[in-house]
> 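Dropping the structure in here first, questions after.
Small disclaimer: the values here were computed from a predicted structure and weren't measured. Atom set for the values below is all heavy atoms of this structure, side chains included, hydrogens, waters and symmetry mates excluded.
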Amino acid sequence: MAPENKNRATAAAILPLVGGARNIGSIAHCMTRLRLGLKDRALVQDEALKALPAVLGVVEDDTYQIVLGPGTVARVAPEFETLVAEDSPQLPITADELADRGAELKAARKERNATPFKLFLRRIANIFVPLIPALIGCGIIAGLNGLLVNLGWLTGVTPALAAIASGFMALIAVFVGFNTAKEFGGTPILGGAVASIIVFAGVAKITVFGQTLAPGQGGVLGALGAALLAVYVERWCRRWVPEALDVLVTPTLTVLISGLVTLYGLMFLAGEVSTGIGHGANWLLDNTGAFAGLVLGGLFLPLVMLGLHQALIPIHTTLIEQQGYTVLLPILAMAGAGQVGCAVAVYLRAKRNESLRSTIKSALPAGFLGVGEPLIYGVSLPLGRPFITACAGGAAGGAFVGLFSMLGDKVGSTAIGPSGWALFPLLQGNHGLGTTIAIYAGGLLTGYVVGFLATYYFGFTRQSLTDLNATPAPAEPATPKAMEPAHS
């Protein structure tokens, strides 16, 4: 027998005894051993392996190691890899396997996100996320009121709608203060009490650094800082104030000290930061809109994976408080459009994988409405390359919306949370509603198309496409007991 045929025969003899190609997770070799990462150790037939003439022994460590000897292992390993690759197309990738892979990736991401900085961002998100339902409801009412005013309809009702839509935003600092104290372990009502100073009309009588304060100055950022300070002052008081006086002294000192610092420092500083955020966002889109949209739309999915998107929540809220809408959210929403286009392409390319196609069909409606997790963790991220092509679709959609910002047509959202088609009722811009809707819809369409085309043509290697469309091999007939090899 020719040497290459002998080595291939050895590899062919080993493969079924370690559970077949489906059971192989990794292949490597050292000077003497073929090292295999196995998915299910129970499928290995140890005694039958040891009985093979070429096998000198087996060792179980972090990998399953088959001792073949120097020289031999270097020749058998490539043949073994070839056999595994040849057998793999007969083993289709199922939706369950992709879901398991996605769950593993999600768990790994959660573990990586457990850094102090990311945990802090998560706590910031916990402050603002409970406010989203009110932001959405009031945002939709504000949009309806604006439409009625523009059309000249129901003019007697529009002042009432304006009051309903604006009341929450006028007092949002109080809710932020309440949630901040609650999240960081203070008394929630004290956090709300300190934050309420920011929106009190009487602050207009106070002068700081030569400037008269304005009600609402500093907004949600000032409220967050004020309530956080109140938490630390309260903790200090609990430590040093006698228990008999605690109920009187602790809340008094907490509100007094935190209130004075808020009035004579935090409101001014937070106001400057808030103004800078507004000017910065407008400058970015006015001068580099297409490029900024490309970067923001393309990187948003990875930001979500890293948990860094939570840092944007206070920025969105600040822009809504200042300008009535956030110009960043419609651009970031394009990432979801790229994800949808990617999923449609995977559906068409995986023609024979009914399990995966069924998963995509069930997840797509939510994807169109801006809920992307089922598609991310069930389809694109486990497949690898399609996740990148989905980001390309988001980048194209973001560039489209950003380009119109450069041309003077800003598209914003009056609330945070929804994206995709669910964002249409919350859209607002600096021109007519029809123009705003058309630009946003054009961005979504661009994201869908580019995400689809990028995935369809560049989202798969030849091997991965073959794996997706593999036909399951028919079950082999059971081996009679008398013919079965011995097991350890």
Side-chain angles (χ1 to χ4, degrees), residues 93 95 98-99 101-102 105-106 289-306 309 328-351 353 356-404 411 413 418-424 427 437-461 464-465 468-469:
I93 298 173
L98 284 177
R101 201 181 303 172
L105 291 166
K106 190 174 183 178
F291 177 73
L294 183 83
V295 173
L296 292 171
L299 292 182
F300 189 61
L301 287 180
L303 283 178
V304 172
M305 302 306 303
L306 295 171
H309 66 296
L328 298 179
L329 186 61
I331 290 175
L332 299 175
M334 296 301 123
Q339 182 65 58
V340 167
C342 163
V344 174
V346 173
Y347 181 87
L348 295 179
R349 293 292 257 169
K351 295 177 182 177
N353 194 319
L356 179 57
R357 285 161 66 92
S358 176
T359 296
I360 293 172
K361 280 194 292 187
S362 64
L364 263 181
F368 278 111
L369 293 174
V371 181
E373 273 212 337
L375 290 176
I376 293 173
Y377 290 106
V379 181
S380 67
L381 188 61
L383 287 173
R385 192 180 291 191
F387 182 75
I388 298 173
T389 54
C391 292
F400 181 93
V401 177
L403 174 63
F404 278 91
V411 176
S413 168
S419 61
W421 293 1
L423 198 61
F424 277 109
L427 291 177
I437 289 175
I439 294 171
Y440 181 71
L444 287 180
L445 182 61
T446 302
Y448 295 151
V449 171
V450 174
F452 173 84
L453 293 176
T455 305
Y456 194 90
Y457 290 107
F458 306 107
F460 307 93
T461 62
S464 66
L465 197 57
L468 277 178
N469 289 299

> Ring centroids only, cut at 6.0 angstrom: are Y448 and F368 within range, meaning strictly under it?
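Between Y448 and F368, the centre distance is under 6.0 Å.
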
> Test side-chain contact (heavy atoms from CB on, under 4.5 Å) on L468 and F460; report intermediate values, then the result.
CA-CA 10 Å; L468 277 178; F460 307 93; 3.3 Å; yes

> Between A363 and L375, what is the shortest heavy-atom contact and its length?
CB-CD2, 3.6 Å

> Would you give the length of the straight line joining atom CG of L364 to atom CG of L369, rounded to the nearest 0.5 angstrom?
11.0 Å

> Drop me the distance from L444's CG to F424's CZ, to the nearest 0.5 angstrom.
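Separation between the atoms: 5.0 Å.
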
> Would you call V344 and Y456 a side-chain contact if the rule is heavy atoms closer than 4.5 Å?
no

> Hey, could you give me the CZ/CG distance between F458 and L453, rounded to the nearest 0.5 Å?
9.0 Å

> Quick one: pull up CZ in F300 and CD1 in I331 and give me the separation to the nearest 0.5 Å.
12.0 Å

> Is the shortest heavy-atom distance from the side chain of Y347 to the side chain of V379 under 4.5 Å?
no

> Calculate, to the nearest 0.5 Å, the distance between atoms CG and CG belonging to L356 and L383 respectively.
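Between L356 CG and L383 CG, I get 6.5 Å after rounding to 0.5 Å.
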
> Looking at N469 and A350, what are the two nearest heavy atoms and their distance?
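Closest approach of N469 to A350: OD1-C, 3.1 Å.
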
> Looking only at atom types and distance, does a side-chain atom of Y440 sit under 3.5 Å from a main-chain N or O of G420, one as donor and one as acceptor?
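Yes: the side chain of Y440 pairs with the backbone of G420.
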
> Taking the side chain from S362 and the backbone from T359, do they hold a donor-acceptor pair closer than 3.5 Å?
yes

> Got a second to check how far H309's NE2 is from L299's CG, nearest 0.5 Å?
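Separation between the atoms: 14.5 Å.
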
